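Everything on this sheet refers to the single structure shown next.
As the structure is a prediction and not an experimental result, all values here were calculated from the model. What you see below is based on every heavy atom in this structure, not just the backbone, and it leaves out hydrogens, waters and symmetry mates.
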Amino acid sequence: MSVELQVAQAEDTLLEAMVAADVARVAAVTADDVVFTAPGGVTIGKAEDLAAYESGALRITAVTVLHRQVAAHERTGQSKMTAQVSVADGDDEAEVTLEWVRHWELRDDVWLLVAATTSLVRQ
């Protein structure tokens with residue numbers, strides 16, 4: 001299997017876990033030293049991200065991938081994706097278009113997310 005396909009599969013696993021709010025699966029594909037950059041530039045780590053899923057503060061109920069590119073070489077990869085995302089915060093629900101750029105590393109034979117930047121696509 002090509003390295004690009006391996007990274008794409010890791011990306012798919014992450015998306016499925018996010019929609020299912022499966023904290024264990026999100027944790028399994030996320031490096032302990034990951035850095036997430038949210039729209040607006042705020043950065044958080046793995047513990048904060050997982051806490052948002054556990055508390056229900058972050059609920060992604062659907063992701064429709066509009067476009068995705070994957071580039072990878074040996075033990076590193078990058079995915080860039082635009083997606084229509086359904087998110088909920090309490091009783092508030094919204095449909096937004098997001099762009100994710102995610103950086104992946106192969107560590108101990110497992111592809112792990114090591115950095116991610118999310119931006120809101122203005123329509």
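- Sequence neighbours left out, the pairs with a member in residues 100-110 that pass salt bridge (Lys or Arg N to Asp or Glu O under 4.0 Å) are Glu11-Arg102, Asp33-Arg107, Glu105-Arg107.
- The two residues Val63 and Ala83 come nearest to each other via the heavy atoms CG1-CB, 3.8 Å.
- Judged as a salt bridge (Lys or Arg N to Asp or Glu O under 4.0 Å), not a single pair has a partner in residues 56-66 (not counting sequence neighbours).
- Tracing side-chain contacts under 4.5 Å through hydrophobic residues (I, L, V, M, F, W, Y), one never reaches Leu113 starting from Val110; they form parts of separate clusters.
- Take Ser86 and apply the side-chain hydrogen bond (donor to acceptor under 3.5 Å, both in side chains) test, not counting sequence neighbours, and it matches Glu95.
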Could you go through Val121 and Leu98, starting from their C-alpha distance and side-chain angles, then the distance that decides it, and tell me whether this counts as side chain to side chain contact (heavy atoms under 4.5 Å, CB included)?
CA-CA 5 Å; Val121 176; Leu98 297 177; 5.8 Å; no
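- Taking the side chain as every heavy atom from C-beta outward, Thr76 and Leu106 never approach each other to under 4.5 Å.
- Within the 4.5 Å cutoff, the side chain of Leu120 has no heavy atoms near those of the Thr97 side chain.
- Across every non-hydrogen atom of Ala10 and Trp111, the tightest pair is CB-CB, 3.8 Å.
- Residues Leu5 and Val65 do not share a hydrophobic cluster, defined by chaining ILVMFWY side chains whose heavy atoms lie under 4.5 Å apart.
- Closest of all the heavy-atom pairs between Ala72 and Glu4 is O-OE2, 3.2 Å.
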Distance-only criterion, 3.5 Å: show the donor-acceptor pairs between side-chain atoms of residues 34-47 and protein atoms not counting sequence neighbours.
{"residue": "Lys46", "atom": "NZ", "partner": "Ala27", "partner atom": "O", "Å": "3.0"}
{"residue": "Lys46", "atom": "NZ", "partner": "Thr30", "partner atom": "O", "Å": "2.8"}
{"residue": "Lys46", "atom": "NZ", "partner": "Asp32", "partner atom": "OD1", "Å": "3.0"}

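- Every residue meeting the side chain to side chain contact (heavy atoms under 4.5 Å, CB included) condition with Val101, not counting sequence neighbours, appears here in chain and number order: Gln78, Lys80, Glu99, His103.
- Hydrophobic cluster of Val114: no remaining members, since no ILVMFWY side chain lies below 4.5 Å from it.
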Under 3.5 Å, sequence neighbours excluded: what are the donor-acceptor pairs made by side chains of residues 51-58?
{"residue": "Ser55", "atom": "OG", "partner": "Ala51", "partner atom": "O", "Å": "3.1"}
{"residue": "Ser55", "atom": "OG", "partner": "Ala52", "partner atom": "O", "Å": "3.3"}
{"residue": "Ser55", "atom": "OG", "partner": "Ala57", "partner atom": "N", "Å": "3.1"}

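- Rounded to the nearest 0.5 Å, atoms CH2 (Trp104) and OG (Ser79) are 6.5 Å apart.
- Closest approach of Val3 and Glu74 over heavy atoms only: CG1-O, 3.7 Å.
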Can you give each donor-acceptor pair under 3.5 Å made by side-chain atoms of residues 12-24, sequence neighbours left out, with the distance rounded to 0.1 Å?
{"residue": "Asp12", "atom": "OD1", "partner": "Arg68", "partner atom": "NH1", "Å": "2.8"}
{"residue": "Asp12", "atom": "OD1", "partner": "Arg68", "partner atom": "NH2", "Å": "3.1"}
{"residue": "Thr13", "atom": "OG1", "partner": "Gln9", "partner atom": "O", "Å": "3.0"}
{"residue": "Glu16", "atom": "OE1", "partner": "Arg25", "partner atom": "NH2", "Å": "3.2"}
{"residue": "Asp22", "atom": "OD1", "partner": "Ala24", "partner atom": "N", "Å": "3.3"}
{"residue": "Asp22", "atom": "OD1", "partner": "Arg25", "partner atom": "N", "Å": "3.1"}

